[in-house]
Amino acid sequence: MAATARRRDGHLARERMLEEAMTAIAEDGLAALTMSALAKRLGTSGGHILYYFGSKDRLLLEVLGWSESALTEERRALLAGRGGAERKLALFLELYLPRGPRDPRWTLWIELWARTASNEPLRQAQAEIDRGWQEDLESLLATGVRQGRFAAGLDTAARASELLALLDGLSTRVVLGQRGADRAGALRTALSATRRLIERD
């Protein structure tokens, strides 16, 4: 019983650290997130944070994974829900795009992209997260083909990859606050491009 309680307490402590790290990114930006700054926000020591995560790279990866797990649940619920493939695809695009400039999840993604070339664990973790989005989008496109809503013979793997690359580009522009880039405009562009990529003959 005591061991179970310690594991539960440890899980809750780790969860609180991840949540506080995401809040810090949203409020102050990623550059301001250091192990010591996070420790100060939590009223603990930098050594305590290091005990759980070991390095800032690992902390960033854990925060991203924690955030993505919630999105995965939303995505799977969307796919399993009622409604046609076209409607679900529009909702999928909305879920993927950032909420606006400095969206903390997307800020993390951009930071990790810059680090993955020289960090194999980060690269593998990123690939796993990307694979989940890719496979779910392929499944959604395949459903649309079966329903006769999307083009017959559609190469679902290629189209899913193209759409995700487009969404990554649009999302980066939004989260960096580039001139003329906002969520609503990005969504319009994504929907327009998607229709051209999957439309029936």
Side-chain angles (χ1 to χ4, degrees), residues 11 14-15 17-35 37-38 49-50 52-79 89 91-142 155-178 181 183 186-187 189-190 193-194 197:
H11 175 75
R14 177 180 172 278
E15 192 88 358
M17 291 177 193
L18 295 173
E19 185 175 1
E20 192 63 35
M22 184 64 88
T23 301
I25 291 167
E27 291 177 355
D28 305 318
L30 189 58
L33 179 65
T34 64
M35 303 298 253
L38 179 59
I49 305 295
L50 283 170
Y52 278 93
F53 302 107
S55 68
K56 183 175 179 178
D57 276 354
R58 188 65 197 175
L59 170 63
L60 296 180
L61 184 57
E62 292 278 351
V63 172
L64 182 62
W66 173 73
S67 171
E68 286 288 333
S69 66
L71 282 179
T72 298
E73 291 180 11
E74 288 188 59
R75 198 170 71 237
R76 299 287 162 80
L78 184 161
L79 294 175
L89 182 54
L91 292 173
F92 185 100
L93 301 179
E94 290 187 46
L95 185 62
Y96 196 92
L97 290 168
R99 295 188 297 271
R102 293 182 64 184
D103 179 296
R105 180 176 68 94
W106 271 97
T107 300
L108 272 173
W109 266 121
I110 292 171
E111 176 75 9
L112 289 178
W113 281 339
R115 295 170 181 244
T116 51
S118 59
N119 190 312
E120 183 62 17
L122 285 179
R123 190 192 67 77
Q124 291 180 0
Q126 178 195 346
E128 183 177 348
I129 291 171
D130 286 344
R131 190 178 306 115
W133 285 97
Q134 172 80 22
E135 290 175 352
D136 284 351
L137 183 51
E138 286 182 36
S139 175
L140 178 50
L141 294 178
D155 186 337
T156 57
R159 288 295 178 267
S161 181
E162 291 165 359
L163 285 171
L164 291 174
L166 170 68
L167 290 170
D168 285 344
L170 292 170
S171 296
T172 300
R173 288 172 54 82
V174 171
V175 81
L176 293 178
Q178 292 187 357
R183 176 180 167 84
L187 182 57
T189 300
T194 298
L197 287 170

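- Here the straight-line distance linking atom CG of Leu38 with atom CD1 of Ile49 works out to 4.5 Å at 0.5 Å rounding.
- The minimum heavy-atom distance between Leu170 and Ala186, with the atom names listed, is CD1-O, 3.5 Å.
- Note: Leu140 CG to Glu135 CD = 14.0 Å, rounded to the nearest 0.5 Å.
- A heavy-atom distance below 4.5 Å is not found between the side chains of Arg105 and Leu108.
- Minimum heavy-atom separation, Glu138 to Thr156: CG-O, 3.7 Å.
- Side-chain contact, Glu15 with Trp66: a donor N or O sits under 3.5 Å from an acceptor N or O.
- Here the straight-line distance linking atom CG of Leu166 with atom OG of Ser161 works out to 11.5 Å at 0.5 Å rounding.
- The two residues Thr116 and Arg123 come nearest to each other via the heavy atoms O-CB, 3.8 Å.
- Across Leu97 and Arg183, no two heavy atoms sit closer than the pair O-NH1, 3.1 Å.
- With values rounded to the nearest 0.5 angstrom, Ile25 atom CD1 is found 14.5 Å from Trp106 atom CH2.
- Counting only heavy atoms from C-beta outward, the side chains of Leu89 and Leu141 approach each other to under 4.5 Å.
- Residues Ala21 and Val63 approach most closely at CB-CG2, 3.7 Å, considering heavy atoms.
- Side chain of Gln134 to main chain of Ala157: a donor-acceptor pair is present (N/O by atom type, distance under 3.5 Å, no hydrogens or angles).
- A side-chain donor-acceptor contact under 3.5 Å links Thr23 to the backbone of Glu19.
- Between Tyr96 and Phe92, the ring planes are parallel. Angles under 30° get that label, and only those over 60° would be called perpendicular.
- Side-chain contact check for Trp113 versus Asp168: some heavy-atom pair is nearer than 4.5 Å.
- Using a 4.5 Å heavy-atom threshold, the side chains of Glu74 and Leu78 count as separate.
- Atom CG of Leu59 and atom CG of Leu64 lie 11.0 Å apart (nearest 0.5 Å).
- Leu95 is listed as a side-chain neighbour of Trp133, based on a closest heavy-atom distance under 4.5 Å.
- Using modelled atom types, one side-chain atom of Arg159 and one backbone atom of Leu197 make a donor-acceptor pair closer than 3.5 Å.
- Heavy-atom minimum distance, Met22 versus Pro104: SD-CB, 3.2 Å.
- At a threshold of 4.5 Å between non-hydrogen side-chain atoms, the residues Asp28 and Leu33 do not count as touching.
- With a 4.5 Å cut-off on side-chain heavy atoms, Trp109 and Gln126 count as touching.
- Salt-bridge check for Arg131 with Glu128: failed, with every basic side-chain N at 4.0 Å or more from each acidic carboxylate O.
- Arg14 has its side chain within reach of Glu62: a pair of non-hydrogen atoms, C-beta onward, lies under 4.5 Å apart.
- Residue Asp136 holds its CG atom at 4.0 Å from CZ of Arg76, rounded to the nearest 0.5 Å.
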